[in-house]
Amino acid sequence: MNERLQKVMAAAGVASRRKSEDLIASGHVKVNGQVVTQLGIKVTDDDVIEVNGQILNGRQKFVYYLMYKPRQVICSVKDDKGRKTVLDLMPNDITERIYPVGRLDYDTSGLLLLTNDGKLANQLMHPKYRVNKTYIAKVNGIVSNFELSKLKQGITYQNIKYAPVKSKIISVDHHKDSTIVQLTIHEGKNHEVKNLLEAINHPVKKLRRETYGTLNLQGMTSGDVRELSHNEVRRLKDLIN
């Protein structure tokens, strides 16, 4: 099947699709021995692709890791400020170029998936597949069910429209004037959970992602990393299909 060159490179874990386009445009990629700089070119499984002189294996082994991301860790491959990144927490024997699927804020902890399967990563992040993500948030103030009902209907905040979310109150601490709530979203907009709770006047004090699709943090503690089982990967793909 014919596919765009940058898409094949991204799926093979070379780089993101945009970075792959930069590599092509700057002459770092060859197809069947010829340098290509045209972004629209399509390739098949029979074509030989080279990136910086290294032949790209069309059937690269995909790997999938689940991390319980701690707070104060950057959800990125590298950080120009020298802060610890999620890749710094990965085992040293991993040779594949993996990337986090989506992002968690620097001060947010919880479930993070890392992989070199670009196709699955893009599908999991795309809103049209409606992959649920559940968060537990500790917020300022005592949240009422009436306030949460606004989120269940969908709201507009700072000129951004948010889809309806599932939400419930987990516990209330009147002495500390705080509430723990659970929100389940599928859009994944930037700072979505924090913005939703700010919209009902309850700023987030602490935030943790508990689930992503069929994955959860059961048996894990902050900083733990483990490889997904074949069944876990299959169930993730079943969500998309």
Is there a chain of hydrophobic side chains (I, L, V, M, F, W, Y, each step under 4.5 Å between heavy atoms) that links [X] to [Y]?
| X | Y | answer |
| --- | --- | --- |
| L66 | V86 | no |
| M125 | I185 | no |
| V31 | L39 | yes |
| V139 | Y157 | yes |
| L197 | I136 | no |

Under 3.5 Å donor-acceptor, [X] side chain and [Y] backbone:
| X | Y | answer |
| --- | --- | --- |
| N116 | V63 | yes |
| R209 | L111 | yes |
| R103 | C75 | yes |
| T179 | V143 | yes |

For a quick test of reading the model, state the closest non-hydrogen atom pair linking [X] to [Y] and the distance between them.
| X | Y | result |
| --- | --- | --- |
| L207 | A137 | CD1-CB, 3.6 Å |
| E187 | P127 | O-CG, 4.1 Å |
| L120 | D117 | N-OD1, 3.1 Å |
| V77 | T85 | O-OG1, 3.7 Å |
| A121 | T115 | CB-CG2, 4.3 Å |
| G102 | L112 | O-CD1, 4.3 Å |

Does any non-hydrogen side-chain atom of [Y] lie less than 4.5 Å from one of [X]?
| X | Y | value |
| --- | --- | --- |
| M90 | M67 | yes |
| K30 | V48 | no |
| V73 | L104 | no |
| Y65 | I94 | yes |
| V101 | Y64 | no |
| E210 | L217 | yes |
| R71 | K206 | yes |
| H28 | N52 | yes |

Atom pair [atom1]/[atom2] of [X] and [Y] - distance to nearest 0.5 Å:
| X | Y | atom1 | atom2 | value |
| --- | --- | --- | --- | --- |
| D105 | H191 | CG | NE2 | 5.0 Å |
| K7 | L5 | NZ | CG | 12.5 Å |
| L196 | Y135 | CG | OH | 10.5 Å |
| I200 | L151 | CD1 | CG | 4.5 Å |
| I41 | I24 | CD1 | CD1 | 8.5 Å |
| T134 | Y212 | OG1 | OH | 12.0 Å |

Could you check whether [X] pairs with [Y] (Lys NZ or Arg NE/NH1/NH2 to Asp/Glu carboxylate O, under 4.0 Å)?
| X | Y | value |
| --- | --- | --- |
| D22 | R18 | no |
| R226 | E232 | yes |
| K84 | D88 | no |

Legend entry - Check against side-chain contact (heavy atoms from CB on, under 4.5 Å), N140 and H202: CA-CA 5 Å; N140 286 324; H202 292 287; 5.6 Å; no
Inset, instruction - Show your reasoning for whether side-chain contact (heavy atoms from CB on, under 4.5 Å) applies to V181 and E147. - result: CA-CA 12 Å; V181 297; E147 290 170 320; over 6 Å; no
Any chance [atom1] of [X] has more than 12 other-residue heavy atoms, nucleotides or ligands included, within less than 6.0 Å?
| X | atom1 | result |
| --- | --- | --- |
| K205 | NZ | yes |
| K42 | NZ | no |
| R83 | CZ | yes |

Inset, instruction - Just do the side-chain contact (heavy atoms from CB on, under 4.5 Å) check on V204 and T108 with the steps written out, would you? - result: CA-CA 10 Å; V204 170; T108 299; over 6 Å; no
Inset, instruction - Evaluate side-chain contact (heavy atoms from CB on, under 4.5 Å) for L236 paired with L228, printing each intermediate quantity in order. - result: CA-CA 10 Å; L236 273 182; L228 295 189; 4.1 Å; yes
Which atom pairs, donor and acceptor, lie under 3.5 Å between side-chain atoms of residues 159-177 and protein residues at least two apart or in another chain?
{"from": "Y162", "atom 1": "OH", "to": "N195", "atom 2": "ND2", "distance (Å)": "3.0"}
{"from": "D173", "atom 1": "OD1", "to": "H175", "atom 2": "N", "distance (Å)": "3.1"}
{"from": "D173", "atom 1": "OD1", "to": "K176", "atom 2": "N", "distance (Å)": "3.0"}

Legend entry - Whichever hydrophobic residues join Y106 through chains of side-chain contacts under 4.5 Å: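 Once heavy-atom contacts under 4.5 Å are chained together, Y106 belongs with I74.
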